[in-house]
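The structure appears right after this line, and notes come after that.
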Amino acid sequence: MQVIRKPHHDGAIPPNLIDYEAACRSFTWQQAREALAGLPDHGGLNIAHEAVDRHALGEKRDQVALRWLDKAGGVEDYTYARLSTLSNRFANLLQTLGVGAGQGVFSVLGRVPELFITALGSWKNHSRFCALFAAFGPEPLRARLAIGRACVLVTTADIYRRKIAQLRDQLPDLQWVLIIDGDETPAGTLDFKTLLEAAGPEFRITSTDAEEIALIHFTSGTTGKPKGALHAHAAVVAHIHSARMALDLQPGDSYWCTADPGWVTGISYGVIAPLTIGARVILDASEFEVDRWYRLLQEQAVNIWYTAPTAVRMMMKFGSDLARNYDLSSLRLIASVGEPLNPEAVLWCRKVFGLPCHDNWWQTETGAIMIANYRAMDIKPGSMGRPLPGIEAAIVERGETGRIRILSDPRTTGELALRRGWPSMFRGYLGDEARYAKCFADGWYLSGDLARRDEAGYYWFVGRADDVIKSAGHLIGPFEVESVLMEHPTVAEAGVIGLPDSIIGETVKAYVVLKPGLCMDDVLHRDLLAHARRRLGPTVAPREIEAREELPKTRSGKIMRRVLKARELGLPEGDLSALLNSQS
């Protein structure tokens, strides 16, 4: 196994986390809480105060908090003072509309400043904020707006006309729709900018209990309706702690998170964490364009870049020569989340950027990064890393009685579990207490992900419990097979599933996306099969490999194996609302 040894930092900016073992021994969540200010006068903890107001009242008042790059090449800066005032205005706007504590304020927006203003103003007003994917179709939007009992929706004129207008009579809780653009607002809506300008610039956040619900993040299940995970204002404690430890984010950093705001990462680490730390957030309105991305890294002197494995693999498609045209020396750390990061991508980043890509693991339900590869630690490519200080993780199995047993043998695969009690742990599923209760046993949160822990304490992802392939008595993790296929120089992406077999239970089938200009023929097909057998052995290697132009993925970059399997077997595909391309 190749290990990337931790770098020496002489003369460079020292990492936030230097001694992992010592940090784990001494850390307490109270200690992390003390890094925040708390509300003045009356106490409590409010995300918006920690993210902008406390900076606007201090030395960072005139520092750029948000730099927005529009699709046409324009740049607009928002200082912490400006962002504080604009979010004050939005909080006052909500009060003018009669929107109060606990009511749902939703956005269907891309990467625009109005997203930040809406989120921060909602938290100041004690409203619950939820960002939805702008690429959702009408039915996924209707389901989430209904489940979340959205009272206010902030969106664009185009999205409203195409996706929302026909739903209004099915959404009795939706009282107000605010349009951020367009020369004239559609019937039944209000103009966001006009109302914002009319609202007062001063707002005093009233006492906020840390356990008050601040966020709704929707996550799609394999079957059934979307799940609305509830998160409290206390989550900001885990956001700032994890961003410091896992992302090495520091005050004043130029920080770029490529996640869509409709995904939990786009809010937790696109909005809350970097602002709370006092960084400069780079917000790019455009989707992936390889030249634009390299140019952005150079021109914005990005220090910390948080992206997804899919994005890294898309850059890999264009080869390593392109990067040589740009000065990328400002980069201090590259991190990735959304699905496991293949070892090849970790090593490619080190070759091209001079830095490995640091994988980390968390879920919508955990609210923040739980396991990570750290800047000052050795990296084992393909590993999720080690738990954050303050997080206790284990590999467990569930017994028939509902009790769990911790598996200590490093060769054993089991379910990844976390000792409950961290600040960003979700507080429930909207309207589904039974479903929430099933996520816990004996004081542990059961993630539904299968993993193993090696002798050094590093965790390795195997697959979702419902993705794992059982073949001739063997448990085969799709990720392991996918990683090996991606080692082949012709393969850009891979997705692996198990197909029913009357003799051995399941056989392994792989779908691959080839690099540009290549096509599958008999010679390449045989070579791929042989490569997999050499690297994996005949028991684990796929028996079938099929080329596809693209694979079904969520907007966060996860390959939807269940969709591949459903389409292969002619079964119901379940909830497709999070799919990037429903025709994949």
Side-chain angles (χ1 to χ4, degrees), residues 70-71 86 89-91 93-100 102-119 121-122 125 127-199 215-220 225-228 260-263 266-267 285-287 430-431 554-555 575-583:
D70 68 26
K71 293 180 180 180
L86 288 170
R89 289 184 182 276
F90 189 76
L93 185 165
L94 290 176
Q95 293 203 347
T96 300
L97 296 177
V99 179
Q103 291 187 278
V105 178
F106 282 54
S107 69
V108 182
L109 298 168
R111 299 177 185 90
V112 293
E114 288 83 358
L115 170 83
F116 285 66
I117 296 165
T118 300
S122 297
N125 189 52
S127 301
R128 297 179 177 186
F129 175 70
C130 178
L132 299 178
F133 287 124
F136 274 155
E139 177 53 31
L141 289 174
R142 186 208 61 77
R144 287 157 175 78
L145 291 167
I147 294 168
R149 301 189 65 182
C151 177
V152 177
L153 174 63
V154 180
T155 189
T156 67
D158 177 63
I159 290 173
Y160 179 78
R161 290 190 180 100
R162 289 190 297 110
K163 304 179 181 183
I164 307 295
Q166 67 267 37
L167 305 176
R168 287 297 291 271
D169 61 350
Q170 301 175 52
L171 298 168
D173 294 299
L174 185 58
Q175 299 179 46
W176 311 102
V177 176
L178 310 182
I179 302 297
I180 69 166
D181 62 354
D183 295 330
E184 68 178 66
T185 56
T189 70
L190 300 171
D191 183 71
F192 179 94
K193 292 179 181 177
T194 299
L195 293 176
L196 199 68
E197 290 171 1
L215 283 154
I216 306 170
H217 289 303
F218 280 94
T219 180
S220 296
K225 65 182 182 180
K227 299 174 289 185
D260 190 288
W263 181 34
I267 300 300
S286 294
E287 297 298 331
L430 268 174
T554 66
R555 288 183 64 82
D575 181 11
L576 298 181
S577 56
L579 211 60
L580 178 62
N581 181 353
S582 60
Q583 302 304 312

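Arg128 approaches Gly102 most closely through the heavy-atom pair CD-O, 3.7 Å. Nearest heavy atom pair, residue Phe133 against residue Leu141, reads O-CD2, 4.1 Å. Minimum interatomic distance between Pro261 and Leu115 (heavy atoms only, all atoms of both residues): CB-CD2, 3.3 Å. Pairing each heavy atom of Arg168 with each of Gly188, the nearest pair is NH1-O, 3.2 Å. The two atoms that bring Leu109 and Val154 nearest to each other are CG-O, 3.7 Å, heavy atoms only. Scanning all heavy atoms of the two residues, the minimum distance from Ala131 to Ile267 falls at CB-CD1, 4.0 Å.
Judged by distance alone, with hydrogens and angles left aside, the side-chain atoms of Arg149 form no donor-acceptor pair with the main-chain N or O of Gln103 at under 3.5 Å. A side-chain donor-acceptor contact under 3.5 Å links Lys163 to the backbone of Ala134. Of the possible polar contacts, none joining the Asp191 side chain to the Leu178 backbone as a donor-acceptor pair under 3.5 Å is found. Within the 3.5 Å criterion, the main-chain N or O of Ala157 finds no donor-acceptor partner in the side chain of Arg162.
Rounding to the nearest 0.5 Å gives a distance of 12.0 Å between SG of Cys151 and CG of Leu171. Between atom CD1 of residue Ile164 and atom CZ of residue Phe106 there is a gap of 11.0 Å, rounded to the nearest 0.5 Å. The distance from the CD1 atom of Ile117 to the CZ atom of Phe90 is 9.0 Å, given to the nearest 0.5 Å. Going from atom CG of Leu430 over to atom CD1 of Ile147 covers 8.0 Å, rounded to the nearest 0.5 Å. Rounding to the nearest 0.5 Å gives a distance of 6.5 Å between OG of Ser107 and CG of Leu132. Atom CG in Leu174 sits 12.5 Å away from atom CZ in Arg142 (nearest 0.5 Å).
With contacts defined as side-chain heavy-atom distances shorter than 4.5 Å, the pair Tyr160/Thr185 does not qualify. Residues Lys227 and Phe218 form no side-chain contact, since every pair of their non-hydrogen atoms from C-beta on lies 4.5 Å or further apart.
Both the sub-6.0 Å distance and the 45° axial angle are satisfied by Arg144 relative to the ring of Phe136.
Looking at Glu287 and Arg111, a side-chain N of the basic residue comes within less than 4.0 Å of a carboxylate O on the acidic one, giving a salt bridge.
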TODO: Just do the side-chain contact (heavy atoms from CB on, under 4.5 Å) check on Val105 and Thr118 with the steps written out, would you?
DONE: CA-CA 8 Å; Val105 178; Thr118 300; 3.9 Å; yes
- [ ] Using the side-chain contact (heavy atoms from CB on, under 4.5 Å) rule, take Asp181 and Ile179 through it: C-alpha gap first, then chi angles, then the decisive distance, then the call.
- [x] CA-CA 6 Å; Asp181 62 354; Ile179 302 297; 3.7 Å; yes
Open item on the list: Working note: Leu97 + Gln175, criterion side-chain contact (heavy atoms from CB on, under 4.5 Å); need CA distance, chi angles, decisive distance, verdict.
Closed with: CA-CA 9 Å; Leu97 296 177; Gln175 299 179 46; over 6 Å; no
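Side-chain contact, Ser127 with Asn125: a donor N or O sits under 3.5 Å from an acceptor N or O.
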